[in-house]
Amino acid sequence: MGCLFCNIISGKTPSTKVFENEKVYAFKDINPQAPFHVLAVHKEHTKNIDELNENNSHIMSDLFLAINQIAKQENLDKGYRVIINNGPAAGQVIWHLHIHILAGKDDLGPMLLK
Ligand code: AMP
Ligand code: ZN
């Protein structure tokens with residue numbers, strides 16, 4: 001049993017790459033929820049926010065700096081939403097910390113369905 005997103009990072013599982021640097025890989029979500037739906041993952045495997053600590057908190061800054069670059073690269077000048085589903089109640093199904101980047105609409109709608 002491997003990790004799907006580790007396999008995507010290594011190229012074992014195909015993906016549509018949008019951005020890559022030394023630390024972060026970003027690719028198109030296979031089931032897009034907006035015209036632009038990209039997942040940003042750190043190359044260092046961490047399950048989710050619950051596993052963060054003083055020694056690996058660079059994961060979040062590396063991810064957000066990459067998102068800053070992705071937004072410029074992809075001209076997301078109207079704005080974009082970032083989402084982390086953390087744990088079962090939030091609908092996390094892939095246990096490798098990832099940030100959803102959603103854009104491509106003038107109005108992305110409410111944050112949560114009521
Ligand atoms: P989450 O519910 O936050 O764990 O999100 C997992 C996301 O991964 C979902 O939006 C899926 O559509 C996406 N996903 C699952 N498998 C793949 C894949 N092979 N390539 C790209 N995205 C995927
Ligand atoms: Zn992984």
Side-chain angles (χ1 to χ4, degrees):
M1 251 190 40
C3 166
L4 175 63
F5 287 174
C6 282
N7 288 340
I8 282 179
I9 292 161
S10 72
K12 204 163 141 192
T13 300
S15 67
T16 305
K17 177 162 90 172
V18 170
F19 173 90
E20 183 171 16
N21 65 18
E22 254 181 25
K23 297 161 179 170
V24 174
Y25 186 80
F27 55 102
K28 288 191 177 169
D29 194 293
I30 208 168
N31 181 26
Q33 303 299 308
F36 180 96
H37 187 171
V38 162
L39 301 174
V41 296
H42 204 280
K43 291 183 179 177
E44 197 176 317
H45 177 97
T46 314
K47 185 183 78 171
N48 63 20
I49 295 170
D50 302 342
E51 277 192 355
L52 293 173
N53 57 53
E54 308 82 56
N55 299 316
N56 64 9
S57 59
H58 59 272
I59 285 177
M60 296 314 287
S61 49
D62 293 339
L63 282 168
F64 279 105
L65 286 172
I67 290 171
N68 172 301
Q69 290 187 260
I70 292 165
K72 292 185 172 102
Q73 177 192 297
E74 300 296 319
N75 301 310
L76 305 183
D77 36 288
K78 285 183 181 163
Y80 54 93
R81 181 169 287 156
V82 292
I83 295 176
I84 300 175
N85 293 321
N86 199 75
Q92 182 177 8
V93 293
I94 309 288
W95 299 91
H96 180 131
L97 200 159
H98 53 281
I99 303 183
H100 296 258
I101 310 165
L102 298 145
K105 279 172 139 185
D106 286 342
D107 180 359
L108 286 161
M111 205 158 47
L112 286 175
L113 292 175
K114 299 215 168 116

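Heavy atoms only: backbone and side chains are in, while hydrogens, waters and symmetry mates are out. Order of listing sets the numbers, starting from 1, for every ligand and every atom in it.
- At a heavy-atom distance under 4.0 Å, only side-chain atoms of L39, from C-beta outward, approach ligand 1.
- Distance alone, capped at 3.5 Å, places no donor-acceptor pair between the H100 side chain and the H98 backbone.
- Listed by number with element, the atoms of ligand 1 under 4.0 angstrom from any heavy atom of N31 are 12 (O).
- Here E44 pairs with nothing under the salt bridge (charged side-chain N to carboxylate O under 4.0 Å, His left out) rule; sequence neighbours left out.
- In terms of protein heavy atoms, atom 4 (O) of ligand 1 is closest to V93 N, 2.8 Å.
- Interface of F5 with ligand 1, defined as ligand atoms under 4.0 Å from a residue heavy atom, comprises 8 (O).
- Taking a 4.0 Å cut-off on heavy atoms, G91 registers as neighbouring ligand 1.
- Polar contact check, L4 against ligand 1: no nitrogen or oxygen pair lies under 3.5 Å apart.
- Applying the 6.0 Å contact sphere to NZ of K23 captures no more than 12 heavy atoms from other residues, nucleotides or ligands.
- Looking at I101 and L76, their side chains come closer than 4.5 Å, going by heavy atoms from C-beta outward.
- Residue K28 has at least one heavy-atom neighbour below 4.0 Å for each of these atoms of ligand 1: 21 (C).
- Inspection of the environment of the Zn ion (ligand 2) yields the following protein N, O or S atoms under 2.8 Å: C3 SG, C6 SG, H45 ND1, H96 ND1.
- Checking only distances, H37 never comes within under 3.5 Å of ligand 1, N or O to N or O.
- In this structure, H37 contributes its side chain and I30 its backbone to no donor-acceptor pair below 3.5 Å.
- In this structure, the side chain of E20 does not engage the main chain of E22 through any donor-acceptor pair within 3.5 Å.
- Close approach of ligand 1 to N85 (heavy-atom distance below 4.0 Å) involves ligand atoms 1 (P), 2 (O), 3 (O).
- A 4.5 Å side-chain heavy-atom check between L97 and M60 finds at least one atom pair inside the cut-off.
- In this structure, the protein non-hydrogen atom closest to atom 1 (P) of ligand 1 is H98 NE2, 3.2 Å.
- Looking from atom 10 (O) of ligand 1 to the surrounding protein, the closest heavy atom is D29 OD2, 2.5 Å.
- No side-chain heavy atom of V38 sits under 4.5 Å from any side-chain heavy atom of Y80.
- Without hydrogens or angle criteria, N68 side chain to A71 main chain gives no donor-acceptor distance under 3.5 Å.
- Under a 4.0 Å heavy-atom criterion, F27 is in contact with ligand 1.
- Under the 3.5 Å distance criterion, the side-chain polar atoms of N86 are matched with a main-chain donor or acceptor of I49.
- In this structure a side-chain-to-backbone donor-acceptor pair under 3.5 Å is missing from K78 to A103.
- Ligand 1 has an N or O atom lying under 3.5 Å from an N or O atom of I30, backbone or side chain.
- In the vicinity of I94, heavy-atom distances shorter than 4.0 Å reach the ligand 1 atoms 4 (O), 6 (C).
- N85 places no side-chain N or O within donor-acceptor distance of the main-chain N or O of V93, the cut-off being under 3.5 Å.
- Side chain of E51 to backbone of H45: no donor-acceptor contact under 3.5 angstrom is found.
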